[in-house]
Amino acid sequence: MNRNYRKKMRQALFIRRFLLIVSLLLMMYFFHLLYNQNKVKADLEKDIITYSKEIDELNATIKILEKDHKRKDSLEYIEKIAREKLGMVKANELIVIDENIDEPHEEEENR
């Protein structure tokens with residue numbers, strides 16, 4: 001009977017140790033999952049902030065383009081584009097071109 005008792009005690013001890021090891025392994029696995037989920041969550045929150053800023057910038061660009069589109073038929077806008085992009089001037093305007101802008105002064109050349 002003493003032998004059976006010892007055998008049962010060893011089996012019970014083995015089962016307890018086995019369950020303890022399995023429990024520890026499961027806890028480690030769940031902590032690992034929790035850590036990875038928090039890391040992914042932080043990355044996603046950074047992406048949300050980045051994309052929100054990009055959306056705000058695009059909305060501002062859209063507003064500017066809509067404003068330009070609404071006034072594209074006005075005479076002031078047509079005149080502005082003709083002056084800036086095409087270099088046109090009104091009939092009574094005088095154009096002054098400074099030829100010395102790109103060239104150094106004569107005094108500096110003599111030095």
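Sequence positions, counted from 1, serve as the residue numbers for this chain. Scope of the values below: all heavy atoms of this structure, side chains included, with no hydrogens, waters or symmetry mates. Computed from a prediction, not measured in an experiment: that's the story for all the values here.
Residue Leu44 belongs to a hydrophobic cluster whose other members are Val40, with links defined by side-chain heavy atoms closer than 4.5 Å. Clustering of Ile, Leu, Val, Met, Phe, Trp and Tyr side chains at separations under 4.5 Å places Ile81 together with Tyr77. In the hydrophobic clustering (ILVMFWY side chains linked at under 4.5 Å, chained through shared members), Met28 stands by itself. The hydrophobic cluster containing Leu24, built from Ile/Leu/Val/Met/Phe/Trp/Tyr side-chain heavy atoms closer than 4.5 Å, also comprises Leu20.
Listed by chain and residue number, Ile55, Ile62 satisfy the side chain to side chain contact (heavy atoms under 4.5 Å, CB included) test with Asn59 (two or more places apart in sequence, or in another chain). Qualifying salt bridge (Lys or Arg N to Asp or Glu O under 4.0 Å) partners for Arg83, counting only residues two or more places apart in sequence or in other chains: Glu79, Glu93. For Tyr29, the side chain to side chain contact (heavy atoms under 4.5 Å, CB included) partners are Leu33, not counting sequence neighbours. Glu54 meets the side chain to side chain contact (heavy atoms under 4.5 Å, CB included) test with Tyr51, Leu58; sequence neighbours excluded.
Summarising the local packing, CG of Leu75 is surrounded by 12 or fewer heavy atoms from other residues, nucleotides or ligands at distances under 6.0 Å.
Distance check, rounded to the nearest 0.5 Å: CD1 of Ile48 to CD of Glu45 gives 6.5 Å.
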Expected list for residues 10-18: side-chain donor-acceptor pairs under 3.5 angstrom, two or more places apart:
none

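Screening residues 30-43 for side chain to side chain donor-acceptor pair (under 3.5 Å) gives His32-Asn36 as the qualifying pairs, with residues at least two apart or on separate chains. Counting only residues at least two apart or in different chains, salt bridge (Lys or Arg N to Asp or Glu O under 4.0 Å) contacts with residues 55-76 comprise Asp68-Arg71.
Following chains of ILVMFWY side-chain contacts shorter than 4.5 Å, one cannot reach Met27 starting from Leu19, and the two form parts of different hydrophobic clusters.
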